[in-house]
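Structure, as structure tokens:
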Amino acid sequence: MRYTYQNTSMSLKVNLSQISKILRNDKDLLAQALHLLMSNAEEEKANLYKFSSEQNWTLLSLSAHNLKSKMKYIGCMEAASLLSEMENIGRNPNKIWKIEELLHNFEKEYSFIYRELSEVKASYNA
Amino acid sequence: MFGTSSTSSKKLVYIVEDDAFFLNLLIEHFKTQPLITVKPFGKGQDFLKNLNEKPDLVILDYILDTHDPGAPNGKEVYFALKDKFPETKVIFLSGQESADVVFELIKLGVRDYVMKDEDFIKELDDLVTDHLKLA
């Protein structure tokens with residue numbers, strides 16, 4: 001089931017049906033959960049760039065791992081797949097040249113996800 | 001984080017999860033279970049410091065405190081728990097897809113490992129119900 005907001009059924013990247021169910025469709029709790037999800041995701045995304053520039057592949061792998069679980073949970077499988085690849089490369093850095101491209105692709109994918117999450121969050125706060 | 005309550009007839013479940021988003025979701029989920037009291041911990045060391053009461057079940061994240069190199073990981077927390085309360089059941093939770101991780105846990109005697117994907121809370125719920133004989 002895809003999440004529907006503002007009375008419009010849209011094809012979204014994010015699937016918040018599990019979160020909505022757990023939080024009993026409570027708008028305040030949902031807004032809090034999305035705020036936490038988005039702030040954590042922003043923090044881990046910043047870490048990906050930081051650890052990449054520092055060439056700290058172990059910590060890059062761990063940040064990708066943390067973010068991957070969240071992306072999977074909200075149904076963003078393409079973003080999760082890019083993060084999974086970064087996680088694996090970080091653990092076994094023989095294809096480190098791919099990291100820049102993966103970061104670029106993830107950034108592009110995440111911009112859509114972030115926009116959708118922001119719109120949904122705004123609808124809860126309205 | 002949300003409060004917890006306890007009565008002696010309830011089953012005591014500890015959750016050790018360093019990801020605040022998932023920890024809060026799990027707390028909210030188990031709030032609706034009348035036969036369970038949940039004690040949440042965001043850090044492995046906080047869990048180990050408060051291990052005075054024997055839990056019926058522990059839900060334990062495999063990778064803990066990733067940005068703190070000195071913090072105990074899920075495996076270390078598991079060994080410390082088993083040392084003190086060998087009978088306590090443990091369900092490992094993680095986003096690790098690696099078969100090596102699964103084999104490693106099997107070698108440790110861990111029976112239950114839940115992958116954090118879209119439906120993981122449903123799978124976790126089934127295991128919790130089974131372990132605590134709540135059905």
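Chain letters run A, B, ... following the sequence lines, proteins first and then strands; every chain starts at 1. Just so we're clear, the structure is a prediction, and the values are computed from it rather than from any experiment.
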Discussion item. Between B:Leu23 and B:Leu127, is there shared hydrophobic-cluster membership here, with clusters defined by ILVMFWY side-chain heavy atoms closer than 4.5 Å?
Written reply: yes
Response to the item:
So, the part of A:Lys21 with a heavy atom under 4.5 Å from chain B: the answer is neither
Worksheet item: Looking at A:Tyr73 and B:Leu25, what are the two nearest heavy atoms and their distance?
Response: CE2-CD1, 3.3 Å
Worksheet entry | Other residues, nucleotides, ligands: >12 heavy atoms within 6.0 Å of B:Glu87 CD | no
Discussion item. Can you tell me how far apart CG (B:Asp100) and CZ (A:Arg91) are? Round to the nearest 0.5 Å.
Written reply: 9.0 Å
Practice prompt. Report yes if some heavy atom in the side chain of B:Ile63 is under 4.5 Å from a heavy atom in the side chain of A:His65; otherwise report no.
Written response: yes
Worksheet, complete the sentence: Okay, A:Ser84 and chain B: the region with an atom under 4.5 Å from a heavy atom over there is side chain
Worksheet item: Taking all atoms of both residues into account, what is the closest heavy-atom pair of A:Lys72 and B:Glu118, and its distance?
Response: O-CG, 3.1 Å
Item to complete: Going by the side chain to side chain contact (heavy atoms under 4.5 Å, CB included) test, name the single residue among A:Met38, A:Lys70, A:His35 that passes it with B:Phe21.
Response: A:Lys70
Discussion item. Using a 6.0 Å cut-off, check whether atom NZ of B:Lys122 has over 12 heavy atoms from anything other than its own residue.
Written reply: no
Fill in: B:Leu26, part contacting chain A, at a heavy-atom distance under 4.5 Å
neither
Fill in: Closest heavy-atom pair and its distance - A:Ile22, B:Glu28
CG2-CB, 4.1 Å
Practice prompt. Against chain B, label A:Asn88 side chain, backbone, both or neither, depending on which of its atoms sit under 4.5 Å from a heavy atom there.
Written response: neither
Distance-only donor-acceptor pairs under 3.5 Å for side chains of residues 108-117 of chain B, two or more places apart:
{"unit_1": "B:Asp112", "atom_1": "OD2", "unit_2": "B:His131", "atom_2": "NE2", "d": "2.4"}
{"unit_1": "B:Tyr113", "atom_1": "OH", "unit_2": "B:Gln96", "atom_2": "O", "d": "2.9"}
{"unit_1": "B:Lys116", "atom_1": "NZ", "unit_2": "B:Glu17", "atom_2": "OE1", "d": "3.0"}
{"unit_1": "B:Lys116", "atom_1": "NZ", "unit_2": "B:Asp61", "atom_2": "OD1", "d": "3.4"}
{"unit_1": "B:Asp117", "atom_1": "OD1", "unit_2": "B:Asp119", "atom_2": "N", "d": "3.2"}
{"unit_1": "B:Asp117", "atom_1": "OD1", "unit_2": "B:Phe120", "atom_2": "N", "d": "3.3"}

Fill in: Contact leader toward chain B among A:Asn40, A:Ile19, A:Leu37, where contacts are heavy-atom pairs under 4.5 Å
A:Leu37
Fill in: Neighbour count >12 (heavy atoms, 6.0 Å) for atom CD, A:Glu78
no
Worksheet item: Tell me, side chain or backbone of A:Leu23 under 4.5 Å from chain B's heavy atoms, or both, or neither?
Response: side chain
Discussion item. Give me the atom names and distance for the closest heavy-atom approach of B:Gly95 to A:Lys68.
Written reply: O-NZ, 2.8 Å
